Amino acid sequence: MAEELALLVADVFEAAGALRRAGEALAGAEGQTQARWQLMSVVSEESLPVARAARRLGVARQGVQRIANELVRDGLAEFRDNPDHRTSSLLALTPSGRRALEAITARAEGAHRAMGEGIAQADLATLRALLRRLTEQTDQWAAAEAEAEAGTAAEAGGAKRGTRSRAATDRLPE
């Protein structure tokens, strides 16, 4: 099972690379990048703080902030006041940004039809469900590993501090 999963991981990375290249081409045809397309898509339904958009994309906030600033500079997005947080503005698409996103999305729909040709819709639905399950189980494993690592580090740190404290105590004059 582990070997088959390792092969699946390699296949997923290969597919992700192919899809990323296709996404760059689709976005590039409209004068955008895939990263800009992804961020525009994330804030298309609702305005979001950059940090929340980054979490949804699974990437670093700093990179998303840079892209957000570019979108604002280019008139495709704007920062709006956040009623819930004075220092964390909301990123929202402008009408120009919505038009750019719609153009890329239209191109993507045609590409998706071509890419999915000959694959049954039921197979795609099954694959999506399995990938979501694998993602969830991977996230759970990673969280458990991080928690275990944090516990091990805390124990090691406590032991070291305790050892130093005893050693220091041993040297105190009586």
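Remember, predicted model here, so these are calculated numbers, not experimental data. Each residue takes its place number in the sequence, starting with 1.
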Return yes when atom [atom1] of [X] has more than 12 non-hydrogen atoms of other residues, nucleotides or ligands closer than 6.0 Å, and no otherwise.
| X | atom1 | answer |
| --- | --- | --- |
| Asp81 | CG | no |
| Gln62 | CD | yes |
| Arg73 | CZ | yes |
| Gln137 | CD | yes |

Do [X] and [Y] have side chains that approach each other closer than 4.5 Å (heavy atoms only, starting at C-beta)?
| X | Y | value |
| --- | --- | --- |
| Leu48 | Leu91 | no |
| Leu127 | Asp123 | no |
| Ser44 | Arg98 | yes |

Problem set entry | Non-neighbouring partners of Arg80 that pass salt bridge (charged side-chain N to carboxylate O under 4.0 Å, His left out), sequence neighbours left out |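 Arg80: salt bridge (charged side-chain N to carboxylate O under 4.0 Å, His left out) contacts with Glu78.
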Looking at every heavy atom in both [X] and [Y], which two are closest together, and how far apart are they?
| X | Y | result |
| --- | --- | --- |
| Ser96 | Gly75 | CB-O, 3.7 Å |
| Leu90 | Pro83 | CD1-CD, 4.2 Å |
| Ala108 | Leu26 | CA-CD1, 3.9 Å |
| Ala68 | Val50 | CB-CG2, 4.0 Å |

For this session: Spell out, yes or no, whether Leu131 and Leu5 are grouped together once hydrophobic residues are joined by side-chain heavy atoms under 4.5 Å, including indirect joins.
Result: yes
Exercise. Do you reckon Leu130 sits in the same ILVMFWY cluster as Leu134, going by side-chain contacts under 4.5 Å, direct or chained?
Worked result: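 No, Leu130 does not connect to Leu134 through the hydrophobic network.
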Exercise. Cut-off 3.5 Å, side chains only: do Arg132 and Thr135 have a donor facing an acceptor?
Worked result: no
Rounded to the nearest 0.5 Å, how far does [atom2] of [Y] lie from [atom1] of [X]?
| X | Y | atom1 | atom2 | result |
| --- | --- | --- | --- | --- |
| Leu76 | Met40 | CG | CE | 6.0 Å |
| Leu124 | Met115 | CG | CE | 12.0 Å |
| Glu30 | Arg107 | CD | CZ | 4.5 Å |
| Leu101 | Trp37 | CG | CH2 | 8.5 Å |
| Arg56 | Gln38 | CZ | CD | 12.0 Å |
| Glu3 | Leu8 | CD | CG | 13.0 Å |

For this session: Using modelled atom types only, decide if a donor and an acceptor are shared between the side chain of Arg36 and the backbone of Gln32 within a distance under 3.5 Å.
Result: no
Exercise. Is the side chain of Asn82 donor-acceptor paired with the backbone N or O of Asp84 at a distance under 3.5 Å, no angle test?
Worked result: yes
Exercise. Between Glu70 and Arg66, is there a salt bridge with N-O shorter than 4.0 Å?
Worked result: yes
